[in-house]
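Index from 1, following the sequence.
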Amino acid sequence: MADSVEKKVFKDVVAVLGNITSVKTACFGTYEPDNVVRPSAAVVPLDDEPIETPTIKTFESIKFVVRTVVDKADEEAGYELLDVLADIDTAILTDPRRGGFAENTIKRSRRWLYLDKDWPQAGADTEYEAHIKTLTADPRQQV
């Protein structure tokens, strides 16, 4: 069975994250994987929203978060996080078409996960949005 266009987009994002030298672990589908080497970047899908659904084609907005986490090893963790986030933004937005599977990818927002007693790492959730077009009857068929 062929992959859906949505799955192809997510595979592309994880592959892009895996090629960033400052990211030691890239994965899909979980906010904070246990026992991974950090800095880590995890891709987590959010709600999809149809933009327009005519009878034959579906235009869809795929929203996802990249949770980036670095260890709170010292006072420089916040600065390390900023460097890794810059690398991730650059890598994801360099090919906004996701290898040809999306019409566009944009950065939406960033939420900081602070260094404190309740969160032992420095981290941030960055929301991105990719726009895709598929056949309404078959999400594996890109149009």
Mind listing the closest non-hydrogen atom pair of [X] and [Y] along with its distance?
| X | Y | answer |
| --- | --- | --- |
| G78 | A122 | N-CB, 4.5 Å |
| S22 | P39 | O-CG, 3.3 Å |
| I132 | E6 | CD1-N, 4.2 Å |
| T30 | C27 | CG2-SG, 4.0 Å |

Should T126 and I88 be marked as a side-chain contact (heavy atoms from CB on, under 4.5 Å) after you check the CA-CA gap, both sets of side-chain angles, and the distance that decides it? CA-CA 10 Å; T126 306; I88 290 172; over 6 Å; no
Is any side-chain heavy atom of E103 closer than 4.5 Å to one of K133? yes
Residue that, paired with V43, satisfies side chain to side chain contact (heavy atoms under 4.5 Å, CB included) out of I92, V9, V14: V14
For the atom pair [atom1] ([X]) and [atom2] ([Y]), what is the distance rounded to the nearest 0.5 Å?
| X | Y | atom1 | atom2 | value |
| --- | --- | --- | --- | --- |
| D87 | I20 | CG | CD1 | 6.5 Å |
| K24 | D71 | NZ | CG | 12.5 Å |
| R108 | E127 | CZ | CD | 6.5 Å |
| L93 | I106 | CG | CD1 | 9.5 Å |
| E129 | S109 | CD | OG | 10.0 Å |
| I62 | S4 | CD1 | OG | 7.5 Å |

[X] with [Y]: basic N within carboxylate O range, under 4.0 Å:
| X | Y | result |
| --- | --- | --- |
| D89 | K107 | yes |
| R110 | D125 | no |
| D138 | R140 | yes |

Does the plane of the ring in Y128 sit parallel, tilted or perpendicular to the ring in F64? Use 30° and 60° as the thresholds. parallel
K11 atom NZ: more than 12 heavy-atom contacts under 6.0 Å: no
List the steps, then state whether side-chain contact (heavy atoms from CB on, under 4.5 Å) holds for V84 with V23. CA-CA 7 Å; V84 174; V23 173; 4.0 Å; yes
How far apart are the C-alpha atoms of W112 and L81, what are their side-chain angles, what is the distance that settles it, and do they pass the side-chain contact (heavy atoms from CB on, under 4.5 Å) test? CA-CA 10 Å; W112 296 96; L81 176 62; 3.7 Å; yes
Test item: D3 side-chain N/O and K7 main-chain N/O as donor-acceptor pair under 3.5 Å: no
Is it the case that the side chain of Q142 and the backbone of G100 share a donor-acceptor pair, with hydrogens and angles ignored and the cut-off at 3.5 Å? yes
Whether the R98 and T105 side chains hold a donor-acceptor pair (N or O, under 3.5 Å, no angle test) is what I'd like checked. yes
Any side-chain donor paired with an acceptor under 3.5 Å for T134 and T58? no
Carefully, step by step, assess L113 and R67 under the rule side-chain contact (heavy atoms from CB on, under 4.5 Å). CA-CA 9 Å; L113 307 171; R67 175 164 283 182; 3.4 Å; yes
